[in-house]
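Notes to accompany the following structure.
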Amino acid sequence: MSELKESTKPAAKKSSKEWWFAFGVIVVATLLTRLYKIAEPEHVCWDETHFGKMGSWYIKRTFFFDVHPPLGKMLIGLSGYLTGYDGQFPFEKPGDVYENVNYLGMRLFCTLLGAATVPFAFVTVWELTESLEASFLASTLFLLDVGLITLNQYILLDPILLFFVMGSVLGMAKVGSQTYKEFSAQWYFWLVWTGVMLAGSISVKFVGLFVVLLVGLHTASQLWNILGDTSQPLTHVLKHFVARALCLILLPILLYVCFFYVHLKVLNHTGNGDGFYSSAFQSQLIGNSLHNASMPREVSYGAVVSLKNHRTGGGYLHSHWHLYPEGVGAHQQQITAYTHKDENNKWAIKPITEIEQDDKDEVQILRHGQYVRLEHMVTKRNLHSHKEPAPMTRKHLQVTGYGENGTGDANDVWVVHIDGGVKNQPVLTVTSKFRLIHHLQKCVLTTSGKQLPKWGFEQQEVSCNPNFRDKNALWNVEDNFSPKLPNVTVQVYAPSFWERFLESHAVMLQGNAGLKPKEGEVTSKPWQWPINYKGQFFSGNQYRIYLLGNPVVWWSNLGFLALFCSVYFFQLLRHQRSPEVRSHEHKKLAAGVWLLVGWALHYFPFWIMGRVLYFHHYFPALMFNSMLSGVIISYTLEAVKELLAEKVAFVIRHSLLGVFASSLAYSFYLFAPLAYGMTGASGNDPNSTMQSVRWLESWEF
Amino acid sequence: MGMLQPTQDAELINRKASKKGKTDKDLLKRNKIIESEPDTEKREMETDSKRPTQNPTELNLQPVKFQCQISFQFDLASLICLVVGIATRFYNLTQPHSIVFDELHYGKYVSLYMKRTFFFDSQPPLGKQLIALAAYIGGYTGDFKFVAIGAAYPENFPLFAVRFIPALCGALLPVSVYYLLLQLGLKQLTAATAAFLILFDNALLTQSRFILMEPMLLLFSVFGLYCLLKFIRCRESPYTFAWFAWLIVGLFSLTAAVCIKFVGLCSLLLGFYVVWRDMWSLVANKNLSIWSLVSQALVRAVVLFAVPVALYLSLFHVHLSILNKAGPHDSVMTSAFQASLEGGLASITKGQPLQIAHGSQITLRHSHGRTCWMHSHAAVYPVRYPDKRGSSHQQQVTCYSFKDVNNWWIVKRPSRSDLAVSRPIDAIKDGDIIQLVHGMTSRALNSHDVAAPVSPQNQEVSCYIDYNISMPAQNLWRVDIINKDQVGDVWHTIESMVRLVHVNTSQALKFSGKQLPDWGFNQHEIVTDRVVIQDDTVWNVEEHRYTKSDDQKERERDMVHAEMIPTRPTTLSFWDKIVELHMKMLFSSSDTLQDHMYSSQPLDWPLLSRGIAYWVNTTTNAQVHLIGNVAIWYSGTIAIFSYCVLLVWYLCRMRRKIYDISADEWARFDLVLEIALFGYGINMLPYFCVERTLFLHHYLPALVFKIVLLAAFTEHALTVARSCRWSNLIYWPLQILFASWLLMILYVFVQFAPLSYGCSSFTVQQLLSLRWRDSWDFIMQRSALDVDMLL
C-alpha cells in the first residue's frame, strides 16, 4: 500500500517549488505580523501578572500552587533565565511598568511558539488534503486573525498550549498521510514527535486532554483500517499497535511524569503555596517550619498544636476575633479552615477538668478515646458545637469558639478517635490521622470545603457532621510545641516522589473544581465564543489592547462549518442510497471530518464545565475551525470546477477567492489596532477611530 | 395487546415459511431488508461465501416450531407477570400510614391542585396531575397539610387513591418490559426473565409504593419504546392505520414521560433515534423512489415534532388553567404573572392606574432573579468603610425583599414642582427624563462618582442630601422601556420593563446581588453599572397610584393607608406565562444545590453504594429504605461490562472476516445494543455533567435498560454456549447456573422486602445483619452503638 502511495507522490512533488514559495510567504508574513510591536505595551498585561510571577518563582525556586500542570510555566521560567531575567520583578498587578526588567526574552519565546501554529497549520492541511490551495487558505485564516495575534504576543500559557496542540495535530496528520513507509525512521520520528507534542499539551493545561482524545480517536481509526486489511497477518496489526502504544501512550506518560519530577525538584524552597499541601509534603520544602523540624513525637495535654485537615487542599483549624453574623446560627466566634499559616491556627490541648492537670506534674500523652478541650490560643475560646445549623451545609451543626479565658461548657468536650486506632494508642505528631467527635452532639468535626461568604473572609467552612463516615473529618497535628517533651527530628515520613506527584494532582483537581464563578460575577459563556460576542481586555487606560477575534474570520468560519456539515451529510446520504457511490470518502471531506471532530472536542466539553470560563478558551477550537474552512473552501471550488464549464469555473473560482482574500485583508487592516494597541479616545467615544468598527454593541473597546 | 401479539407473530411465521431457505435475515435485520428476489440471491451468495460454516435454514426453522408450541404459554407468562406485579405493588399499600420521603413535596402539590392554588416546581406537571386526578376521584379535598416526613395521615385521607397511580404503573412495568423484549426479537424465556428481574428488584418495588414520579416515568418510557418498535415493524406498509397509530401512541407515551420529569427527554431522544435509524435504512431501499422517501421523511418529521409539542403545551395549559389562585410560591414569578392570579398580588394591584405619570407613586421591583423592591430609609452610608474607602455619607438606597412603606417612590418631572396628578395626566414615555423622590423622606434618587459600598467597581446610589460640599445633585434618570415593541412607549404598571439610566454618567440602575453589612440592615445593595444591558438592570413598577395631594403629611398618610380603586384586571397570555414559567424552571434549579444526608454520586449507583432512608418508625425501627436488589444490580453491571467487551471482540473478529455468531444472532445482539446499551448510556451519562444534588432514584431509568441488557445477555450467553463446540459440556452447567442465579435473586429480594414494605419491626442486630455493605445507612437508634460500628 505504501508503495502505491510512493508512486502517486511525484505528481504532488512536481509543484514543490510552488509549495515552498507559498510556505515561505506564510512564514515571512507570520513573523512580520507576530513580531510587530512585540515589546509594547511596556507594562504587565492581563494574566502576565500570574504567569510572569510563576516564571519568576521557578527562577527563585520558590514553591507555589497553581491549578495548571507545570510545563508551560517552567518553559517561561527557562526562557526568562536563558535571556537574562533574574526573577526579581514582582509582576504584582496588570499595568505595572517593566522599566529595566528584561521581559522581552519571555515575550519573544511565547510569541515564537505561538507563531509556529501558522506554518504548522499549513503543513497539517497539506498532509491531510495535498491541496496547496486549502493549506494556503487555512494558514491565511490563522495569519489574519487579530485574536490569535493578541493571544500569542504575551507571557501566557496559551501560546505554548496552542503550539503543542497544533504540533500534535501536525504529527497526527504526518503519521496518517502515509507519506512515509511504515516503521521507517521518518515514520517513527513523526510518531515520537506526536507523542512529545501530546505530552506537552497536557503538561501545559489540562485542556490538552482534548487533543489527546482527538489523536486517540484518529489512531484507533487507523488501526481499524489496518485490522481490516486481511492480506496482512495479525502480527502486522500487533506491530502497529505496539509502536503506537509506545510512542503515543507510554512516552507521553513518561514525559509528563518527568516534567513533574523537574517541577518538584526545582521548587524546593518554601513559598506561598505550602498550606495547600499535606504536612508530609511541606516537610520537604527548605524554609518550611516542618523542614528538618524537631518537635515532640507524641502529643501531650498542655501542648500547643496546629491541626491540619486531611482533605486535599484542606486548611488549618482556624479562629479569629470575628463573630458569626446575626442570623447565621448562634452569634458566637467564627471557626474556619484556613490554608495559610497564621498565629490564629494555634490551639492548646487541655483535659476536660482543670484540676486533673494541676495535680500532676508529669506529662500526660494524648491517647485514642480520650476527652479533650481545644482552646484557641489567641482568643482563649474553646472549640464548641451545638444544635444550630452550620452556615453553608445546613445538615451539619455549627462549630463556634465559646467561653471566656478557656472556661466554657459541656459542649466543648471532644473525643479523640484515631483512624483505625485501638484503645490507648498515643497520638503522634503529623503521622496520626484522627477524628474529633463531639461528645454530646455525637457529630464529627469536619470541613466541607465550601467557601464562607465575605463575613468569613472567604475561608472554608468548618462544621460538625452527624454522619461519622465523612471522609473529610480526618485531622492531623502539624506543629506541636510542648515544653515538657523532648524534641526529636521528624524526618521519618518523607514522602516519595510518587506520593508527592499524586498529592499535587489531587490538590490541582480540587483547585480546578473550586474555580466556580462567584455570586453576581459576569462570566463568559460558551455560546458567546464562536460568534465573537465579547472580548477580553488585556491592557487598559492609555495603551489599550483588546482580545477579540477578527469577525470576518470567525463568522465565515461558522458558515463554512455549517456548509461542511451539510455537504458531508449529503454525500453520506448518497452513499447510503447507492453504496457504490463513495464520494464521501473524498480526501478533503475525510480530512474535514477529523477537523470537525477536533473542533467539537475542543468546544463542547466547555458547555458542561462548572468552572469559570474565559473567552480565550475557544482558541484551540478556532484553529480547527479555520483549518476546516480552508479545506471546505477548496473542496467547494473543486466541485465548482467539475460542475461548470472550464472558463466559467475559472472566473467564478478566481472572483470568489479574490473577494474572500480582500475582505480578509481589509478586516485585518480594520481590526489590527485591537492587537497592536489603541491610543486616544475609547471606543465608546463617538469621535474615536474605532467607533466605526464597533459592529456589535457588546464589544467594549 | 396480549391478543394482538400471537396473531402478528403467526403472520410473521407464515411469511418466513414462504421464504424458507432464503431468509437468512428476518424482519429483525431491518437495515438489510430484502425487497427483490435478485438482490436476495446476491446477498445470499455473499453471506454464504462469508459464512461457510452455517446453515441458515436450520436456524430459522427452529424458532418457527418453538413459537407455535408456546403461543399459549406466552399469554400465561404475561398474565403471571401482571398478577405478581399487582400483588407485590399493592400489598398493604396504605402502610406506612404516614408521609414517606418525597411524598412531602408531591403530596403538597396534589393538595395545591385540589385548592387550585398556584405553585412553582422545576419539573413538568403531568405526574402530579395524574395523582391529583386519582386523589380527586378518591374524594380528597386538599385540606391535609404536608408538614414533615413521618407525620401520620388522618384516618379519612384517601391514601389508597393517592398512591394508586404509581403502584399501578409499577405493576404494569414488568409486563411492558416483557413485551418490549419480545419486540426486540428475544425469546419468551428471556422476556420472562427480564420481567422477573423487574418484579423482584427492591428499588423498583419501593419506588412504586409511594407518591413518587418514577414509576410513571418508567412505564411511559418503556411503553413508548415498545410502540415505536411496533411501528418500525409496519415499515412495509406506510401510512396505514397501524403505522400511524403505533408512531403516534409511541411518541405520545414518550412525551408523557418528558412531562412527568425532564429526564424523560433521554427516552424521547432514544425514540427519535429508533425512528431515524429506520428511516436511514429505508434510504438504501432502491424500490422506493426519492420522492416517496422525501415524503415519508417529511411525514415522520412532522409527527415527531407535532405530537410532543402539542401534548406538552396542552398539559401546561391544563396546569395553568387549573392553578388560577395565588399561593405561597407567587414571589418567584414576575409581577405580571402574579397579577394574573386570583388573590395575592392581583387583589392589591387590581384597578391600579395603568399609565405612570408625573406624580405617580410607585414601587419598583427588580424584575429578574431575586425578588426585591427599591427601598430607602432615614439612615446614611457610613463615612468610612472598613477598607478605608470613603462614602458620600448620604441616605442609603437598598433593595428590600419585603413589602414596606419605604418602598414607595414618586415619579416627578424635573421641570415641575407640584406633585399631585392632574387631568389630563402627564404620562411618562420611553426616553423621558425623570426624578424619583422617596415617598417617606422626600429625597431624590441620586448617583455620583463614588464607589459603591460592596461593589467598589460600581457607582454608589443614594438619596441626595445637600451638605453644601461642592457635590451637586445628579438626580436625573432616563426611562428606557425595553419591551416597548409589545407594550407601547408609555410607561405602564407591571407590564413595562424599564431601565433607569443615570443621565450624567450613562450608567444604569442595577441590583448588585450583594448584601450590605449591618449598617445597611443586611438589605441588598443597589448601584449603577457601566454595563447597561444586563438582567439585573431591569425593573418594573409593581404597585402604583396617583398622588392626590401636594401636602407632604397628607401624602405620607395616604401611603400608610393605601387603598386601591379597582378599574380593570391584568391579564397575561398563555404564551407569556409558559415562557416565563420555563425560564424560571430551567434557571432556578441552580439555587437548590445543597447536600443531603442520603445524596449520592453517579459512580455510586452501578455498585449500589448508598440507599436512601425514606421513612422510619422510631420505636420499632420498622423502616422504608430505598435499596436495590444487589444480585440484580451487580450482575447487571457485569453484563454491561461483558457486553462491551464482547462487542469489541466481535467487531474486531468480523473486521478480520471471522464470524463467531450467526448473522441472525448478530442482528439481535446489535439491536439490543442500540436500544438497551444506548438507553442505559443516555439515561446515565448526563448525570455526570449536572451539578445538582443526586439521589439513587435518579438511576432507576438506567436500571430498567440495564435489566433489559442483562436478560438479553443471558440469552446470548446461553445461545452461544449451545451452538459452540463444547456445547454438551457447558450448556447444562450454564443452565443450572442460570436457574440458581434466579433463585439467588429471589432470596435477596425476600431478605430486603421488609425494607420496601416497612411493616415489620427490626432489632438493631437484624438491621446490622442486612448491612451487607458498610456504606448502607439504615436508620437505627444511635445511642445503642459504639462509634466504631458507625464508622
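We name chains A, B, ... by the order of the sequence lines, and we start the count at 1 in each one. Being a predicted model, the structure only gives us computed values, none of them experimental.
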Would you please name every residue forming a salt bridge (Lys or Arg N to Asp or Glu O under 4.0 Å) with B:Arg655, sequence neighbours left out? none

Sequence neighbours left out, what passes salt bridge (Lys or Arg N to Asp or Glu O under 4.0 Å) with B:Arg389? Give chain and number order. B:Asp387

So, for A:Phe210 and A:Pro605, which heavy atoms are closest and what is the spacing to 0.1 Å? CZ-CB, 3.5 Å

Is it the side chain or the backbone of A:Leu223 that comes within 4.5 Å of chain B heavy atoms, both, or neither? neither

Region of A:Val237 that comes under 4.5 Å of a non-hydrogen atom in chain B: side chain

Below 30° counts as parallel, above 60° as perpendicular, anything between as tilted: where do the rings of A:His584 and A:His575 land? tilted

Between B:Leu293 and chain A, with a heavy-atom cut-off of 4.5 Å, which part of the residue counts as in contact: side chain, backbone, both or neither? side chain

Top residue by heavy-atom pair count (under 4.5 Å) with chain B, among A:Val444, A:Asp419, A:Thr230? A:Thr230

Tell me, for A:Ser578 versus chain B, whether the close heavy atoms (under 4.5 Å) come from the side chain, the backbone, both or neither. both

Ring centre gap for B:His366 and B:Phe511 strictly below 6.0 Å: yes

Bottom line for A:Trp224: the part with an atom under 4.5 Å from chain B's heavy atoms is both

